[in-house]
Amino acid sequence: MSEPTDSSDPVKTSRFTYRQLQGLRHGSTATPLRVVAHIDLDAFYAQCEMVRLGTSRETPLAVRQWDSLIAINYAARPFGITRLISVAEARKLCPGLVLQHVATFREGEGGRWAYRDDSFRNISTEKVSLDPYRAQSRKILQTMKEALATWGVDNTGDETQRPKQEAAAGLEKASIDEVFIDLSPLVYKTLLQRYPELQSGTQDENRDADLPIPPTTALQWDTDCLVDLDKHEAEEDDPDWDDVAMLIGSEIVRSVRNAVWDKLSYTCSAGLGRNKMIAKLGSACNKPNLQTVVRNRAVQNFLGGYKFTQIRMLGGKLGDQITSSFGTEKVSELLNVPLEQLRTKLDDHTASWLYGIIRGDDRSEVNPRTQIKSMLSAKSFRPSINSLDQADKWLHIFAADIYGRLVEDGVLENRRRPRVITLHHRTTQFRSRQIPIPKSTTIDEAMLFDLAKTLLRQIVADGQAWPCSNLSLSVSSFEEGVSNNRAIEGFLVRGDQAKALSHVARPRATDNITNEQPPAEKKRRLDGNKIRQFFGNPSDDAVGEAQGTPQSHIGTISEEVDIPQYTCPRCSTSVSEYEKEEHDDWHFAKDLAQQDREQSRSSQPVPPPKTNPRGATPRGRGGRGGGSRGKPEKGQMRLAFQ
DNA sequence: CTCTCCGAC
DNA sequence: GGGTCGGAGAG
């Protein structure tokens, strides 16, 4: 301001340096120019059912699980329907409400889930399946990824639609209906395209020189919801590069949301900010179908209005402990507590983390979707079950459920495989037993069931197994497969077909392989043969050569040969038209996994608060007061990667 | 490994 | 508030 306002070119410079601009390029978590987005599907389970059933956006709809509501769409909310009320109350409040029960597995039907009109009466014989929502989640993620990949290559007159694989934004699937995206690399690219003057300084040595001031004096925020600026900031002030970066990020997010709507008819809400914490809080501010931008100049004002218990990682006991230690839930009041004082009640690591987080400082990375680490299938029993017979039936369903998901994860191709299987059992207490999954055997449904059965009998032998109120089966300790056969990976096999496959081939696969070294090569060949036989794929040279497989082994399942074939443009694999969609899904999953493998090396764990002293808080469910801690909304759902 | 706890949705 | 997850620490 002390500068003379020369009417010629201003000497005024940006608050940011070339070094900070460069930080954008490789996803530095420290640069103040960083742009992170959080995108959240609106009432996700409800939207899935709206799309599946083809109901209009104006039709009130709720998703039912037994006698509870687990998701309520936005058309139904004005009627006062919440997740807490009963089905009968909901009907009374809104006679036109569409109530759709979640899909279920049913005893004796293996891994096939289905939507059934009478599920709500069969809580004792059915188990919820989230597979339909997982499938939709995958498609949505794929669409988002494609939108990001094509950002900026659309209107360039370059008609050759090159995939443009570079500069793919880091995309972290945070749950079944949420993603984080670090937009920094894309923003960087766009910034240099739009403002060529920024390129000049990127090569020379003077990285700490200030950037020139942005040429624009007013930014067009379109339909974004802008969080009000901090006290001493004014909208009239000229924007700096962090504002411009945020605007570009906002355009990218809008294009992603538009793609999801145009292609799949899902609406979502988004938050944009300098880091994950800000973005996450922002996405919940304006729902449904809106995006909220928290500029750096607005962070203080934004955070100051929150209870810190709404910040990620502070929603549980740690948040409670902090609340009681310092006598407030408000961020604005906790800001007055000096670091030293935080340290008197919290361990150093937690204190430092907390001190920064309430000031908007969150350097956690957007982790390209980490590989799944465990899978669990569970059922609570009301009333309890009382016999091995009953329990075994559930173990069958658990095994089928988990097997289906393992297939999606690539067990058949030997890409990944769990090492351990665990059975949890609850009477008055919880107990669990686990055993290794034998290596060198093909994992299939029957094998999982046998292992589960063994575990259950161990638990029963320990005594006091009945009545049982909860049972769950999980697999964990995944390891990367040795196999990386690209040709085989080009196939997709899953569900019943996969099951049929494994059952056919299992006797040989399991009986012939010794317990010694797992013959990975041999196993891979078996898998390859099975897959090819199933699809009746007439030619795959890579596989054929590598394995020296006689062509006569191919195409032996005759009932498949008449199905119209689809040739995948990516892997030149032929699958039935019927399987095309799932094949595409499979590619998507594979891409994500590849992305994980490539990027997991370079990413560091978040600085999560250290564990708090166990003895300091009462055990059990006593820690929290009545459920009145208000999560504003966000009705449902669940789950994650994958 | 087993058991327990946390946090999220 | 419960069902359904994923993850990690203590011993």
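Chain letters run A, B, ... following the sequence lines, proteins first and then strands; every chain starts at 1.
Contact of A:R83 with C:dG1 (side chain to base): a donor-acceptor pair of N or O atoms is detected under 3.5 Å.
Summarising the geometry, the separation between NZ on A:K317 and P on B:dC6 is reported as 3 Å, rounded to the nearest angstrom. In this structure, A:W394 atom CH2 and C:dG3 atom P are separated by 13 Å, rounded to whole Å. If you measure from atom CZ of A:F44 to atom C1' of C:dT4, you get 15 Å, rounded to the nearest angstrom. Atom CG in A:L471 sits about 13 Å away from atom P in C:dC5, given to the nearest Å. In this structure, CD1 of A:I70 is placed 15 Å from C1' of B:dA8, rounded to the nearest angstrom. In this structure, A:K280 atom NZ and B:dA8 atom C1' are separated by 8 Å, rounded to whole Å. As a whole-Å value, the separation of A:Y133 OH from C:dG3 P is 17 Å. With rounding to whole Å, A:H101 atom NE2 is found 12 Å from C:dG3 atom P.
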| task | Could you please spell out the steps behind the salt bridge (charged side-chain N to carboxylate O under 4.0 Å, His left out) verdict for A:E479 and A:K439? | result | CA-CA 11 Å; A:E479 63 185 358; A:K439 290 194 172 182; 3.6 Å; yes
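Where A:F381 and A:M375 meet DNA chain C, the nucleotide closest to each residue was compared, and A:F381 sits on the side nearer the 5' end. In this structure, A:V420 and A:H424 both approach DNA chain B, and ranking their closest nucleotides by distance from the 5' end singles out A:V420.
Phosphate contact (OP1/OP2 of C:dC5, side-chain N/O of A:R134, threshold under 4.0 Å): present. For B:dT4, the OP1/OP2 oxygens have no side-chain nitrogen or oxygen of A:R431 closer than 4.0 Å. OP1 or OP2 of C:dC5 lies within a sub-4.0 Å distance of a side-chain N or O belonging to A:K127.
For the residue pair A:Q47 and A:S265, the shortest heavy atom distance occurs at OE1-O, 3.9 Å.
Within 4.0 Å (heavy atoms only), A:Q434 reaches at least one base atom of the nucleic acid. Across all strands, A:S68 comes closer than 4.0 Å to no nucleic acid atom at all (heavy-atom distances).
Residues A:S86 and A:E89 bring a donor and an acceptor atom of their side chains to less than 3.5 Å of each other. Side-chain contact annotation: A:Q100 with A:Y45, donor-acceptor N/O pair under 3.5 Å absent. Between the side chains of A:S137 and A:K173, at least one donor N or O sits under 3.5 Å from an acceptor N or O.
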